[in-house]
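Some notes on the structure that comes next.
None of these values were measured; they are calculated from a predicted model. Computed over heavy atoms, backbone and side chain alike; hydrogens, waters and symmetry mates excluded. Throughout, numbering of the chain's residues begins at 1 and tracks the sequence.
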Amino acid sequence: MSGAGFQGAEKTRKAEEDAGELTALQAALGAEHAAVYGYGVVGGLIGEDRRGEARAAYDAHRARRDELARAVRALGGTPVAAAAGYALPFAVSDSDAAVRLAAELEERVAGVYSDLVRATGGERRRTGAEGLREAAVRAVRWRGGSVPFPGLAERAGAASAPGTASATPTA
């Protein structure tokens, strides 16, 4: 292959990698938007004994959301905006349901971060792995127990992979 042909192929490969990273970053950003929304619900219904934990999780998701928006911009993208509202996965009307919602939010975020880890390398992969770890630890705290391989759809036997689009955004 000529030098010019190799450089062209290398540029194409790099553009494809960047597009894959951008897609994964946007999905993680969307999941963080949903988590921030969901923790608004959690915070309104959680018992006083766990309110500090809910606030810390809310703040952590806001910080991750902002970090991901910066990463999307660094790749030349426009960060996906938060939806006006998100459909909750189940009715949340008391503190017990708020705890279940918090665990579900963390599981969903972990799934999207596992996708980010698969789609990226270097510092972005490290960011994805940190996000996955943090979400998995929070899920364990909320749930009161752990699961093997957090964030993997195969583990949960989910019908669809994390980050797949749906007509109604979910928190």
Side-chain angles (χ1 to χ4, degrees), residues 18-46 50-93 95 97-120 123-143 147 150-153 155-156 158-171:
D18 285 352
E21 284 189 21
L22 185 57
T23 298
L25 285 167
Q26 292 281 33
L29 177 56
E32 289 293 5
H33 284 314
V36 168
Y37 177 91
Y39 270 103
V41 174
V42 170
L45 294 168
I46 196 80
R50 298 198 78 179
R51 190 158 292 150
E53 189 177 353
R55 179 62 188 197
Y58 174 78
D59 290 342
H61 286 291
R62 288 179 61 213
R64 283 279 176 193
R65 176 199 64 195
D66 296 346
E67 179 182 3
L68 289 165
R70 285 190 297 274
V72 166
R73 284 188 202 94
L75 279 177
T78 300
V80 63
Y86 293 85
L88 298 178
F90 50 84
V92 181
S93 58
S95 184
V99 169
R100 285 194 326 274
L101 176 59
E104 178 72 17
L105 291 170
E106 297 301 345
E107 274 294 313
R108 290 178 182 206
V109 167
V112 175
Y113 276 114
S114 71
D115 292 342
L116 183 62
V117 169
R118 284 190 293 266
T120 60
E123 189 59 35
R124 289 192 184 102
R125 176 172 280 171
R126 186 175 356 277
T127 296
E130 289 169 356
L132 172 56
R133 178 182 45 81
E134 290 169 7
V137 167
R138 282 190 298 266
V140 166
R141 287 182 183 146
W142 287 116
R143 191 181 313 101
V147 296
L152 296 180
R155 174 207 39 83
S160 62
T164 57
S166 66
T168 305
T170 58

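- In terms of heavy-atom proximity, A98 sits nearest to V42 at O-CG2, 3.6 Å.
- Listed here is the closest heavy atom pair of R108 and P89: NH2-CB, 3.3 Å.
- In this view, H61 and E32, E106, R138 satisfy the side chain to side chain donor-acceptor pair (under 3.5 Å) rule, not counting sequence neighbours.
- Checked against side chain to side chain donor-acceptor pair (under 3.5 Å), R100 has no partners two or more places apart in sequence or in another chain.
- Listed by chain and residue number, D59 satisfy the salt bridge (charged side-chain N to carboxylate O under 4.0 Å, His left out) test with R55 (two or more places apart in sequence, or in another chain).
- Taking all atoms of both residues into account, the shortest heavy-atom contact from A129 to V117 is N-CG2, 3.3 Å.
- Note on residues 66-78: pairs passing salt bridge (charged side-chain N to carboxylate O under 4.0 Å, His left out), not counting sequence neighbours, are R64-E67.
- Of all heavy-atom pairs spanning G85 and Y37, the tightest one is CA-CE1, 3.9 Å.
- In this structure, the separation between CD1 on I46 and OG on S95 is 4.5 Å, given to the nearest 0.5 Å.
- When the side-chain contact (heavy atoms from CB on, under 4.5 Å) test is applied to A24, the partners found at least two apart in sequence or on another chain are L116, A119.
- Residues that satisfy the side chain to side chain donor-acceptor pair (under 3.5 Å) test with R51, not counting sequence neighbours, are E48.
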Step by step, would you call V72 with L22 a side chain to side chain contact (heavy atoms under 4.5 Å, CB included)? CA-CA 6 Å; V72 166; L22 185 57; 3.7 Å; yes
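- The side chain to side chain donor-acceptor pair (under 3.5 Å) check on R50 picks up E53, with sequence neighbours excluded.
- Residues passing the ring pair (Phe, Tyr, Trp, His ring centres under 6.0 Å) test with Y58, sequence neighbours excluded: none.
- Heavy-atom minimum distance, P79 versus A69: CG-O, 3.6 Å.
- A heavy-atom distance below 4.5 Å is not found between the side chains of L101 and W142.
- Of all heavy-atom pairs spanning V109 and A31, the tightest one is CG2-O, 4.0 Å.
- Taking OH of Y113 as the start and OG1 of T127 as the end, the distance is 8.5 Å to the nearest 0.5 Å.
- Taking 4.0 Å as the cut-off between side-chain N and carboxylate O, R126 and E123 count as a salt-bridged pair.
- Residues E104 and V92 form no side-chain contact, since every pair of their non-hydrogen atoms from C-beta on lies 4.5 Å or further apart.
- Not counting sequence neighbours, the partners of V80 by the side-chain contact (heavy atoms from CB on, under 4.5 Å) test are Q26, L29, H33.
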